[in-house]
Amino acid sequence: MILYEPHPKGILIEYKELEQTSSGVYLPNGTQLQDLEEYNGDVIVAVGKDVENYKVGDTVMFFPHSMPTSFEGKTHNGGKQKYQLFREGDVCCKVLS
């Protein structure tokens, strides 16, 4: 259970460490440009009420220039979890398989 409701056009995912390539592109930790096909995307854990194209549970990929808001928040059981909040327009594709 997520304790946060994103901005009406916002998408919330669980945070993943990023690494910056020599060309300045940020990738999930351990992912190299030549093996991006191994990156499976990020699973959406919450969406704002006006998000039209995506729902909780969808796996998506974001444009490299996206600037998410990252924060550490509480979970329903009192623990802590890191999250990233993107705008719906930051999604470059939905992963279909």
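In this chain, numbering begins with 1 at the start of the sequence shown.
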Worksheet item: Could you give the distance from CE (M61) to OG (S66), rounded to the nearest 0.5 Å?
Response: 13.0 Å

Worksheet item: Under a 4.5 Å cut-off applied to non-hydrogen side-chain atoms, are K82 and E14 in contact?
Response: no

Item to complete: Mind checking the NE2-CG spacing from H65 to D90? Nearest 0.5 Å is all I need.
Response: 6.5 Å

Discussion item. Please find the pair of heavy atoms, one from P68 and one from Q84, that lie closest to each other, and give the distance.
Written reply: CG-NE2, 3.5 Å

Worksheet item: Got E88 and N53 here, is their nearest side-chain heavy-atom distance under 4.5 Å?
Response: yes

Worksheet item: Is there a donor-acceptor contact under 3.5 Å from the side chain of K49 to the main chain of P8?
Response: no

Worksheet item: If you take all heavy atoms of V56 and A46, which pair is closest and at what distance?
Response: CG2-CA, 3.8 Å

Response to the item:
Excluding F63, membership of its hydrophobic cluster (Ile, Leu, Val, Met, Phe, Trp, Tyr; side-chain heavy atoms within less than 4.5 Å) reads none

Practice prompt. State, with a plain yes or no, whether a side-chain heavy atom of V91 is found less than 4.5 Å away from one of F62.
Written response: yes

Worksheet item: Are E52 and K9 side-chain neighbours, meaning at least one heavy-atom pair lies under 4.5 Å?
Response: yes

Response to the item:
Students should find that the hydrophobic cluster of Y83, defined by side-chain heavy atoms under 4.5 Å apart, otherwise consists of I2, L3, Y4, L12, V45, F71, L85

Discussion item. Check this for me, if you would: do D58 and K94 make a salt bridge, where the nitrogen-to-carboxylate-oxygen distance has to be below 4.0 angstrom?
Written reply: yes

Worksheet entry | Heavy-atom closest contact (I44 atom, I13 atom, distance) | CA-CG2, 4.1 Å

Worksheet item: How many angstroms lie between CD1 in I11 and NZ in K55, if you round to the nearest 0.5 Å?
Response: 12.0 Å

